[in-house]
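By convention in this document, chain letters (A, B, ...) are assigned in the order of the sequence lines, proteins followed by strands, and residues within each chain are numbered from 1. Reckoned from all heavy atoms, side chains included, excluding hydrogens, waters and symmetry mates.
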Amino acid sequence: MYSMQPSTTNRFSQFPLTRLQCNSSARRHCPPKTHLSELQKGLLDWFAEHKRPLPWRASYTPYEVWISEIMLQQTQMERGVQYFKRWMTRFPDVRSLAAASEDEVLRLWEGLGYYSRARHILAAARHIVQEHKGRFPSDLAAIRALPGVGPYTAGAIASIAFGKKLPCVDANVERVLARILNIDTPVKQEPAASNIRETALKLVPEGKAREHNQAIMELGALVCARIPRCDRCPVSVYCISNYEGLTDKRPVPGKKIAVKPFVVATGVLLHRGRIFVQKRHIGRVWGNLWEFPGGKVNEGENAKTAVVRKFLEETGFAVYTAQEYGIIRHSYTTYKITMHCFGVELKNPPCLTDSLPPPPLLTAACAWQWADPAAIETLPMPAPHRKLAQQIFATSEQQCLN
DNA sequence: TATCCGTGGCC
DNA sequence: TGGCCAAGGAT
């Protein structure tokens, strides 16, 4: 007789296990089978038949596996594939990447978010060229030591590119195992995290790490998704939460983080056909990306007043607002911003008609330039600033502001 | 351990 | 529209 046990210490954590007898008179309520090898085979057979033809699955070169894994962090597959193809056209190998400028790498990454991933990729490529003679390391410790490579990605590269018998636990695996094991506590916290990590390790079959790790992640993406499709699942007979009718309650969600709304004002300073842009400090949001100056609108402050104030604070330029470009709304992580956009001009432009203003006194940036619209196209910018730039170019073409 | 770090698609 | 989320890492 099947009996429920505390999920974090259930018998699945004691692989290998013995099969339980199925009550044929109540097939739909058949208790989960527990043969490890059958679960593994079910995953592998399903993957062989249903895996998606992703670009890096053609040859599984370490470089391609690495780039794909970093790109797919917190990114949807279809989007990741598009960026991956474009990336490989421009940077087909580690050496071409290592030789690139950070601006170009970030520009290629623009729109994917979490820009430290791109900065880390470039740093890692240069490290591989210098310390590993351009050859991607196969040793787990060496892989893990690369910037931007954490526990998941190290296991993924070592197993998928090099076939090493290691687990990789991502959000898909957490979800799949939370359901199979019927874990009733948040998966990212203890004791569930250890249970999942240990189970994932026991699940990896000898000599099949590459296929198995992708199989369980693919299952999480295609079948055991947020809304599970248990009728299509090759391993539903091993799934305790399916048996208990609790698949929609697993995994147990973690703590919700409140979204903080705030209002910012941004100014596009135009002077003789050139636009002032500055490069954001690293370590904060949008690190090393180029932006138009601006910032938070204070409580009770007018956006127009705020943009003038922020320009003086961030650049030392005294400006006035010449145009209103409207509002751009944008959300990121836990923030929701309302960006009031202005065209601004210098209060005291230089007397000589062909000269640029004196250098700015930067307080919120590490670099600056007066860029023409074509140059702005080549600079990596945060999504809302790119939106604003495109909006202005459309306007400037109509009004011949140059 | 908790928080920060982006973005666009989906329902 | 708004909440949720999609192959995590660094601090």
Side-chain angles (χ1 to χ4, degrees), chain A residues 47 51-52 54-57 64-84 106 109-121 123-124 143-161 167-176 186-194 197 200 210 212-222 224-227 251 253-261 280-289 291 328-338 380-387:
Chain A
F47 184 65
K51 66 179 170 189
R52 292 167 288 185
L54 303 173
W56 49 92
R57 285 179 177 165
E64 288 183 306
V65 171
W66 168 47
I67 297 299
S68 71
E69 288 299 340
I70 303 293
M71 273 190 178
L72 289 171
Q73 290 171 10
Q74 313 294 294
T75 304
Q76 293 181 340
M77 178 62 75
E78 194 172 330
R79 204 170 159 67
V81 168
Q82 288 176 6
Y83 276 81
F84 179 86
L106 285 170
W109 198 271
E110 185 187 294
L112 272 183
Y114 291 125
Y115 296 96
S116 64
R117 292 184 294 171
R119 298 194 306 267
H120 286 146
I121 280 180
I143 297 171
R144 178 70 177 79
L146 296 172
V149 174
Y152 161 76
T153 306
I157 296 172
S159 64
I160 296 173
C168 50
V169 177
D170 71 336
N172 283 311
V173 176
E174 286 172 351
R175 187 171 56 254
V176 170
V187 290
K188 291 192 184 301
Q189 298 170 22
E190 298 300 348
S194 291
R197 197 166 54 244
R210 166 187 287 176
H212 168 82
N213 281 341
Q214 291 185 93
I216 190 166
M217 287 191 283
E218 194 90 332
L219 186 79
L222 300 180
C224 197
R226 189 159 60 94
I227 299 172
K255 206 173 93 180
K256 285 176 192 167
I257 301 166
V259 173
K260 301 163 209 157
R280 294 178 60 89
H281 282 305
I282 205 163
R284 292 179 235 174
V285 69
W286 298 322
N288 278 7
L289 270 65
E291 65 165 8
I328 290 174
R329 295 179 206 283
H330 183 75
S331 295
Y332 63 94
T333 53
T334 61
Y335 300 98
K336 190 168 78 174
I337 64 174
T338 305
M381 301 182 84
H385 290 253
R386 177 65 67 197
K387 283 181 203 165

Going by heavy atoms closer than 4.0 Å, what residues in residues 148-157 of chain A are next to DNA chain B? none
Ring-ring centroid check A/Trp109 A/Tyr83, cutoff 6.0 Å: no
Mind checking the C1' distance from C/dA7 to B/dA2? Whole angstroms is fine. 23 Å
Heavy-atom contact window of chain A on DNA chain C, given 5' to 3' at under 4.0 Å: C/dC4 to C/dA10
By nearest heavy atom, map A/Met77 and A/Ile257 onto DNA chain C; which one lands nearer the 5' end? A/Ile257
In whole Å, I'd like the distance from the CZ atom of A/Arg284 to the C1' atom of B/dC4. 13 Å
Under 4.0 Å, heavy atoms only, any strand: does A/Glu218 hit a base, just the sugar-phosphate, or nothing? base
Once the angle between the rings of A/Tyr332 and A/Trp286 is folded into 0 to 90°, is it parallel (under 30°), tilted (30 to 60°) or perpendicular (over 60°)? tilted
Hey, could you give me the CZ/NE2 distance between A/Arg210 and A/His212, rounded to the nearest 0.5 Å? 15.0 Å
For residues A/Tyr152 and A/Glu69, is any side-chain donor paired with an opposing acceptor at under 3.5 Å? yes
Donor-acceptor side-chain pairing of A/Arg197 and A/Ser194 below 3.5 angstrom: yes
Between CH2 of A/Trp286 and C1' of B/dC4 the distance, given in whole Å, is 13 Å
Out of B/dT7, B/dC4, B/dG6, whichever nucleotide has its closest atom nearest the side chain of A/Tyr335: B/dC4
Base, sugar-phosphate, or nothing: which does A/Gln73 touch, judged by heavy atoms less than 4.0 Å apart? sugar-phosphate
Tell me: CG of A/Leu112 to P of B/dG9, nearest whole Å? 12 Å
If you go through the side-chain atoms of A/Tyr332, does one of them form a donor-acceptor pair with the base of B/dG6 closer than 3.5 Å? no
In whole angstroms, the gap separating P of B/dC4 from CD1 of A/Ile337 amounts to 16 Å
Can you see if the side chain of A/Tyr115 gets near the phosphate of B/dT7 - specifically, an N or O under 4.0 Å from OP1 or OP2? yes
Which part of the nucleic acid, if any, lies within contact of A/Leu54, taking any heavy atom under 4.0 Å across all strands shown: a base, the sugar-phosphate backbone alone, or nothing? base
Give A/Arg280 one of three labels, base, sugar-phosphate or nothing, depending on what nucleic acid heavy atoms sit under 4.0 Å from its own. nothing
Expressed in angstrom and rounded to an integer, what is the separation of A/Leu72 atom CG from B/dG6 atom C1'? 15 Å
Nearest heavy-atom contact between A/Thr75 and A/Gly80 is CG2-N, 4.0 Å
For B/dG6, does either OP1 or OP2 sit under 4.0 Å from a side-chain N or O belonging to A/His330? no
Of all the heavy-atom pairs spanning A/Arg280 and A/Val285, show the shortest one and how long it is. NE-O, 2.9 Å
I need the CZ-P distance between A/Arg386 and B/dT7, as an integer number of Å. 11 Å
Write down the distance separating the P atoms in C/dT11 and B/dG6, rounded off to the nearest Å. 14 Å
Whole-Å distance, A/Gln74 CD to B/dG8 C1', equals 14 Å
Can you tell me the distance, in whole Å, between the NZ atom of A/Lys188 and the P atom of B/dT3? 15 Å
Sequence neighbours excluded, which residues qualify as side-chain hydrogen bond (donor to acceptor under 3.5 Å, both in side chains) partners of A/Gln214? A/Arg57, A/Tyr60
